[in-house]
Amino acid sequence: MTDKKQLKARVRARMAKTGESYTTARRHTLGAQATPGDHGWEFKGGQHPSTAVVSRLTGVPEPLVLLAGGGIGAGYILWEFKRHNSAALVMAFLNQWQYYDRWMTKTLDRLGVPYTHHTTGGAKGAARRMAEELDAGRPCVVLPDRYHIGYWRLPKELDGYGGHPVIAYRRSGGYVHVDDRGSGPILVPEDRMEAARGRVTSYKNSLYVLGEPPARVDLAGAVLEGLRDCAEHLSSASDSFSLPAWRKWSRLLTDERNAKGWPKVFGDGTRLAGALLSIWECVEPVGIDGGNLRDLFADGLDAAAGLLQREELGESATEFRRIHGMWHEMAETAVPYEEFGRIRELTVAVREAVLSDGAAREEDAAELWRLRAEADRAPRKVDFSAIAERVSAIHAAESAAIARLREIV
């Protein structure tokens with residue numbers, strides 16, 4: 001037990017400093033380890049919630065699920081809540097990140113996987129439907145609110161902020177067994193699961209049940225269609241949901257006149273720490289959503305090069321790995337370890353505890369959100385231009401890489 005705790009501490013320390021995922025950091029620290037099961041259910045981990053659940057239930061490797069679903073995306077929105085004197089930064093990196101159901105259905109359709117999608121406004125009907133599916137041995141993809149599902153131990157102010165898809169694969173003794181990319185089961189009380197599934201109106205009680213994948217999946221066709229979707233989508237003019245979002249953000253970081261400019265929004269220096277930490281959590285794979293995905297996309301492009309017999313995709317993979325590094329450097333500029341080390345370490349500890357032990361430790365979560373609140377209240381000065389330069393460079397690099405991808409596919 002002591003050795004296990006020491007290993008976890010070493011892995012967490014590496015994750016906090018490098019921004020690596022737990023799997024990558026552990027591999028560098030020690031090496032791979034077999035993953036236990038739960039009543040026949042195998043845990044296979046995963047990086048991004050959406051791509052991971054499809055990969056687990058279909059057997060298609062996660063990087064190729066990402067490609068089939070339209071690849072990477074881009075999204076930037078800064079919400080201000082005057083009533084609570086708070087600001088919330090939203091960054092997203094998956095194609096059509098703002099429309100989960102659309103992404104899910106097109107991904108499954110391209111892979112030729114049959115499915116049923118259930119939604120109901122009533123809590124009792126939703127609970128009964130999921131119970132029937134689980135009792136029949138059919139795993140369900142559900143979309144619970146992170147605050148209400150409990151195991152992330154989020155503060156009350158994040159009630160209703162949404163969540164990500166997880167697999168409910170069994171129920172017993174009043175608990176739902178959940179797979180959330182971890183190495184073991186997460187047990188959620190059934191009443192808590194019901195509340196979490198019904199909290200967010202836009203996808204209230206959403207439930208997917210997948211059928212058996214076809215004997216022969218046209219993976220090449222699905223990947224090619226997804227890559228064309230990716231190139232088309234990221235070539236659009238939207239400055240909220242496509243690559244121009246990065247250009248807009250780079251300009252707003254230093255715009256002193258625009259009401260949404262960071263010098264205006266964070267003029268007194270308060271509330272800024274939360275926005276900066278959101279950058280780090282969104283960009284790095286230690287965050288809840290799996291990071292900027294350019295690394296996973298590169299893995300998919302390498303596989304697609306052979307699958308589609310297009311060697312140029314391997315060159316694109318190399319470029320997107322370089323871009324992944326650019327995102328890492330930008331996150332380091334925004335949230336240097338020297339200043340935010342303890343918060344970064346606790347962020348890693350909370351996520352790793354969920355994935356390995358089924359829930360965050362209360363003391364870690366409490367300390368994390370206390371330190372975040374203190375940092376948010378304290379005025380600070382930040383050189384926004386240094387962040388803006390890196391974001392602008394990323395926009396240029398991704399625009400060129402997507403233009404090249406469009407030529408290839």
Side-chain angles (χ1 to χ4, degrees), residues 14-21 24-25 28 47-48 63 66-67 71-78 89-95 97 227 230-231 233-235 238-254 262 275-287 289-302 312-340 344 347 382-406 408:
R14 181 181 176 94
M15 291 167 72
K17 291 183 178 180
T18 65
E20 293 171 340
S21 67
T24 302
H28 283 296
Q47 183 167 336
H48 189 275
L66 175 63
L67 266 57
I72 55 175
Y76 164 84
I77 300 175
L78 181 63
L89 174 64
V90 175
M91 295 178 66
F93 299 95
L94 183 71
N95 179 288
W97 57 271
L227 285 173
C230 177
H233 177 70
L234 289 181
S235 298
S238 173
D239 63 5
S240 292
F241 307 119
S242 188
L243 287 185
W246 307 145
R247 181 178 59 202
K248 178 181 75 172
W249 181 31
S250 69
R251 293 172 177 173
L252 288 175
L253 278 164
T254 57
W262 283 46
L276 295 174
L277 287 164
S278 292
I279 294 173
W280 187 76
E281 286 180 287
C282 290
V283 167
E284 301 287 44
V286 295
D289 282 335
N292 65 75
L293 300 184
R294 276 51 182 167
D295 53 342
L296 192 65
F297 190 57
D299 291 344
L301 289 172
D302 271 337
E312 308 98 309
L313 291 174
E315 298 171 4
S316 291
T318 299
E319 177 60 7
F320 275 102
R321 286 196 179 90
R322 186 182 75 86
I323 291 171
H324 175 72
M326 294 175 70
W327 278 108
H328 170 70
E329 292 302 322
M330 188 277 290
E332 288 292 318
T333 300
V335 185
Y337 183 81
E338 293 74 17
E339 183 177 357
F340 293 96
R344 284 172 52 158
T347 302
V382 173
D383 181 9
F384 291 134
S385 64
I387 304 173
E389 289 175 6
R390 292 193 179 275
V391 176
S392 180
I394 289 170
H395 172 257
E398 292 200 347
S399 296
I402 290 298
R404 176 57 181 145
L405 179 64
R406 194 172 187 176
I408 296 171

Could you please spell out the steps behind the side-chain contact (heavy atoms from CB on, under 4.5 Å) verdict for Arg406 and Leu234?
-> CA-CA 10 Å; Arg406 194 172 187 176; Leu234 289 181; over 6 Å; no
List the steps and the verdict of side-chain contact (heavy atoms from CB on, under 4.5 Å) for Glu319 and Arg404.
-> CA-CA 10 Å; Glu319 177 60 7; Arg404 176 57 181 145; over 6 Å; no
With side-chain contact (heavy atoms from CB on, under 4.5 Å) as the test, would you mind laying out the steps for Phe297 and Leu405 before giving the verdict?
-> CA-CA 12 Å; Phe297 190 57; Leu405 179 64; 4.0 Å; yes
Tell me, with the steps shown, if Arg251 and Arg247 meet side-chain contact (heavy atoms from CB on, under 4.5 Å).
-> CA-CA 6 Å; Arg251 293 172 177 173; Arg247 181 178 59 202; 3.5 Å; yes
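The CZ atom of Arg390 sits 12.5 Å away from the CH2 atom of Trp327 when rounded to the nearest 0.5 Å. Here the straight-line distance linking atom CZ of Phe384 with atom CD1 of Ile387 works out to 6.5 Å at 0.5 Å rounding. How far NE2 of His328 is from OG1 of Thr333: 9.5 Å, rounded to the nearest 0.5 Å. The CE atom of Met91 sits 11.5 Å away from the CG atom of Asp289 when rounded to the nearest 0.5 Å. Atom CG of Leu66 and atom CD1 of Ile72 lie 8.0 Å apart (nearest 0.5 Å).
A tilted orientation is assigned to the rings of Trp262 and Trp249, their planes being inclined by 30° to 60°. The aromatic rings of Trp97 and Phe241 lie tilted to each other, with the angle between the two planes from 30° to 60°.
Just one residue in the list Leu227, Asp302, Leu67 forms a side-chain contact (heavy atoms from CB on, under 4.5 Å) with Leu313, and that residue is Leu227. Considering Leu296, Asn292, Leu293 as possible partners of His324, the one that fulfils the side-chain contact (heavy atoms from CB on, under 4.5 Å) test is Asn292.
Under the 3.5 Å distance criterion, the side-chain polar atoms of Ser250 are left unmatched by any main-chain donor or acceptor of Ala388. Gln47 places a side-chain N or O within 3.5 Å of a backbone atom of Gly290 that can act as its donor or acceptor partner. Listed for the Ser238 side chain is a donor-acceptor partner under 3.5 Å among the backbone atoms of Ser240.
The pair Glu284-Arg344 does not meet the salt-bridge criterion, since no charged nitrogen lies less than 4.0 angstrom from a carboxylate oxygen.
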